[in-house]
Amino acid sequence: MTLGQVLLVAVLAVPALGAVAVAATPRDRAARLVGTIAAALTLLAAVPLVFGGRGWVAWSADAPAVRPWHQLDLPWVPGLELRFHLGVDGISWPLVVLTALLTLLCCAYTMWRVPDGGSGRALVALLLVVEVGILGTFLALDLVLFFLFFEVVLLPMYAIIAGWGGADRRRAARKFALYTLFGSVLLLVGVYVVVAAAGTADLVTLTGGAGMSRGTQLAAFTLLALAFAVKSPLWPLHSWLPDAHTQAPTVGSVVLAGVLLKMGTYGLIRVAVGVAPEGARWAAPVLGVLAVAAILIGSLVCLAQSDVKRLIAYSSVGHMGFVLLGVATLTATGIQAALIGNVAHGVITGLLFFLAGAVKDRTGTGTLAELSGLRETAPRLAGLLAFAAIASLGLPGLAGFWGEAFAVIAAVQVGGPLWTTLGVLAAVGGALTAAYFLRLLRQVTHNRPSPAVGQVGPGLAGAELTAWVPLVLLALAIGLAPTLVLGVAEAPVDALIGVVSR
């Protein structure tokens with residue numbers, strides 16, 4: 001095996017074995033330490049995957065569109081011609097590293113604070129299992145294998161919300177599970193339609209349509225896009241998200257917003273668009289309209305929110321709307337906007353949920369009406385919250401700017417009355433994003449300290465800074481040097497667009 005293949009196996013095997021080791025370690029704190037070490041080793045295995053052969057090529061009659069940097073292709077179920085096929089490229093690698101980083105930060109955070117509801121050992125073990133499912137989804141190049149990894153995430157995330165969440169956690173967890181199961185059924189049917197029509201589950205072969213008829217591609221794209229829209233989430237299939245975010249513990253919210261939603265948008269790009277390009281071209285206007293509706297409705301709902309975590313949750317609906325708008329344009333600029341928007345949202349919203357959890361832990365409330373004057377009692381926490389908010393609203397020079405700006409530009413570049421209108425409306429949604437985040441900051445950080453905020457001390461724990469500083473630095477780095485994401489994704493995006501537009 002090559003070094004790249006060893007690293008691919010390690011990225012999945014280390015957290016899986018780590019989860020087993022955590023469950024087998026009797027002492028709670030020692031178990032959490034074992035989980036944190038496993039998460040750190042996973043990140044160390046994920047980062048070097050960027051080195052290696054850059055094998056993506058434009059589509060041609062005798063060359064497939066998918067040529068990963070590293071891949072591992074082994075027999076899995078020979079009787080059904082299924083293979084254990086893993087690979088990584090410029091589309092999946094940034095998300096693999098983001099997943100490994102956020103899981104490490106969450107596991108490290110549990111060394112300092114474990115939410116009420118259960119043992120820290122069980123929580124860390126579940127976080128590692130969730131990591132295996134998410135990483136497997138990003139690495140799978142077999143459609144059936146992709147589906148199985150996609151489903152691994154459901155039960156452990158349900159357990160995290162139901163076990164360590166807020167007062168209404170069980171209802172939120174059930175809602176999350178029911179919506180996700182609905183999407184899973186659609187995904188399973190879509191996978192069956194593709195595999196039955198094409199005679200293979202290999203995504204390398206399937207990219208470009210694999211000779212499937214137009215009708216089959218339309219049906220497959222509809223099923224797959226709806227399944228991924230539930231996970232993304234796309235309006236109007238988003239209603240599970242605010243409840244799940246609001247009730248989940250801090251580390252659950254970080255993983256949920258930071259990387260779990262990306263499974264939907266990644267699947268839309270890699271599977272739905274790649275496997276059924278004719279269906280993507282047919283459905284693009286509808287997807288664009290729904291994406292802009294998500295941006296506007298999510299922003300307007302945020303303006304009416306009275307809870308910090310719920311406001312941040314609804315902001316995810318709007319931000320993922322920009323990602324979906326970029327995908328809907330089916331242009332290189334749009335897909336690049338979607339990819340950098342994915343990564344930026346994971347970094348910034350993960351930081352926002354960490355900070356919202358810190359505010360709630362200190363004050364005992366997340367209600368905006370009971371929070372004011374934070375800069376007077378905890379100026380460093382207020383400053384970090386302000387940084388995360390302005391990064392999320394898309395200030396130039398920070399990570400949130402590039403995805404939203406390029407999604408609007410891509411829509412305008414497509415041209416025509418529909419896409420120009422969608423681009424203008426998306427830009428209006430960006431202005432509304434600034435409005436609700438500035439409202440949040442005015443309410444929480446300004447004015448006289450409320451009784452709840454008045455008891456907050458100025459200090460920040462070392463564990464908090466350990467979890468937050470990497471995300472602050474990444475938001476700055478991606479904002480100032482977007483080529484960190486766009487550079488590695490340029491070739492595979494060009495190849496994918498070559499498939500879609502031919």
From CA spacing to verdict: side-chain contact (heavy atoms from CB on, under 4.5 Å), V185, L181: CA-CA 6 Å; V185 171; L181 284 172; 5.6 Å; no
Evaluate Y179 against S239 for side-chain hydrogen bond (donor to acceptor under 3.5 Å, both in side chains), listing each step before the verdict. CA-CA 9 Å; Y179 270 82; S239 61; 2.5 Å; yes
Given side-chain contact (heavy atoms from CB on, under 4.5 Å), test F228 with T265 step by step and report yes or no. CA-CA 7 Å; F228 296 134; T265 49; over 6 Å; no
- Query: So T331 and T329, side-chain hydrogen bond (donor to acceptor under 3.5 Å, both in side chains) or not? Walk me through it.
  - Reply: CA-CA 5 Å; T331 64; T329 65; 3.1 Å; yes
Check: What do the steps show when you test R439 against C302 for side-chain contact (heavy atoms from CB on, under 4.5 Å), and what is the final call?
Finding: CA-CA 10 Å; R439 168 179 171 264; C302 282; over 6 Å; no
### Query
Can you list the steps and then say if M320 with L234 is a side-chain contact (heavy atoms from CB on, under 4.5 Å)?
CA-CA 8 Å; M320 299 312 288; L234 178 63; over 6 Å; no
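For the pair K262 (side chain) and A257 (backbone), a donor-acceptor distance under 3.5 Å is present. Remark: side-chain polar atoms of N342 are not paired, donor with acceptor, to backbone N or O of H345 under 3.5 angstrom. At distances below 3.5 Å, not a single donor-acceptor pair connects side-chain atoms of W240 with backbone N or O atoms of A172. When atom types are taken as modelled, the side chain of T36 and the backbone of C107 share a donor-acceptor pair closer than 3.5 angstrom. Under a 3.5 Å cut-off, the side chain of S92 and the backbone N or O of D89 do form a donor-acceptor pair. Not a single donor-acceptor pair under 3.5 Å links the side chain of R310 to the backbone N or O of Q305. In this structure, D142 contributes its side chain and F84 its backbone to no donor-acceptor pair below 3.5 Å. Judged by distance alone, with hydrogens and angles left aside, the side-chain atoms of K309 form a donor-acceptor pair with the main-chain N or O of A248 at under 3.5 Å. For R121 (side chain) and R29 (main-chain N/O), no donor-acceptor pair under 3.5 Å exists by modelled atom type. S392 places no side-chain N or O within donor-acceptor distance of the main-chain N or O of A388, the cut-off being under 3.5 Å.
If you take CD1 on I91 and CZ on R270, they are separated by 5.0 Å, rounding to the nearest 0.5 Å. Note that CG of L287 is 6.0 Å distant from CG of L268, once rounded to the nearest 0.5 Å. In this structure, the separation between CD1 on I348 and CG on L393 is 9.0 Å, given to the nearest 0.5 Å. To the nearest 0.5 Å, the span separating OG1 on T137 from CE on M263 amounts to 3.5 Å. Once rounded to the nearest 0.5 Å, the distance linking CZ of F182 with CG of L187 reads 12.0 Å. Between the CG atom in L486 and the CG atom in L339 there is a gap of 8.0 Å [rounded to 0.5 Å].
Shortest non-hydrogen contact noted between A426 and I295 is CB-CD1, 4.0 Å. In this structure, L441 and A386 approach most closely via the heavy-atom pair CD2-CA, 3.6 Å. Scanning both residues, L127 and C106, for their nearest heavy atoms gives CD1-CB, 4.2 Å. Considering every non-hydrogen atom in both A313 and L241, the closest pair reads O-CD2, 3.7 Å. Scanning all heavy atoms of the two residues, the minimum distance from V273 to I269 falls at CB-O, 3.5 Å. Considering every non-hydrogen atom in both L261 and S316, the closest pair reads CD1-CB, 4.2 Å.
Each ring-ring contact (aromatic ring centres under 6.0 Å, His included) pair with one or both residues in residues 104-142, not counting sequence neighbours, appears once here: Y109-W112, Y109-F354, F138-Y266. Note on residues 294-315: no pairs pass ring-ring contact (aromatic ring centres under 6.0 Å, His included), not counting sequence neighbours.
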Distance-only donor-acceptor pairs under 3.5 Å for side chains of residues 41-50, two or more places apart:
residue: T42; atom: OG1; partner: A38; partner atom: O; Å: 2.8

Report, one line per pair, each donor and acceptor closer than 3.5 Å where one atom sits in a side chain of residues 396-408; sequence neighbours left out.
residue: W402; atom: NE1; partner: G479; partner atom: O; Å: 2.8
residue: E404; atom: OE2; partner: H319; partner atom: ND1; Å: 2.8

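With contacts defined as side-chain heavy-atom distances shorter than 4.5 Å, the pair L101/L474 qualifies. With a 4.5 Å cut-off on side-chain heavy atoms, P482 and I340 count as touching. Using a 4.5 Å heavy-atom threshold, the side chains of L385 and L381 count as separate. Taking 4.5 Å as the limit, every side-chain heavy atom of L7 sits out of range of all side-chain heavy atoms of F51. You'll find the side chain of P470 reaches within 4.5 Å of the side chain of L105, heavy atoms only. When side chains are defined from C-beta on, K231 counts as touching L260, because their heavy atoms get closer than 4.5 Å. With contacts defined as side-chain heavy-atom distances shorter than 4.5 Å, the pair T333/Q336 does not qualify. When side chains are defined from C-beta on, L12 counts as touching F149, because their heavy atoms get closer than 4.5 Å.
With 3.5 Å as the limit, one finds no donor-acceptor pair spanning the side chains of T367 and D307. Judged by distance alone, the side chains of T365 and K360 never bring a donor and an acceptor atom under 3.5 Å apart.
The number of heavy atoms from other shown groups lying within 6.0 Å of CD (E151) is above 12.
Every residue meeting the salt bridge (charged side-chain N to carboxylate O under 4.0 Å, His left out) condition with R171, not counting sequence neighbours, appears here in chain and number order: D168, D243. In this structure R362 satisfies the salt bridge (charged side-chain N to carboxylate O under 4.0 Å, His left out) test together with E464, sequence neighbours excluded.
When L352, L351, V254 are each tested for a side chain to side chain contact (heavy atoms under 4.5 Å, CB included) with L471, only one passes: L351.
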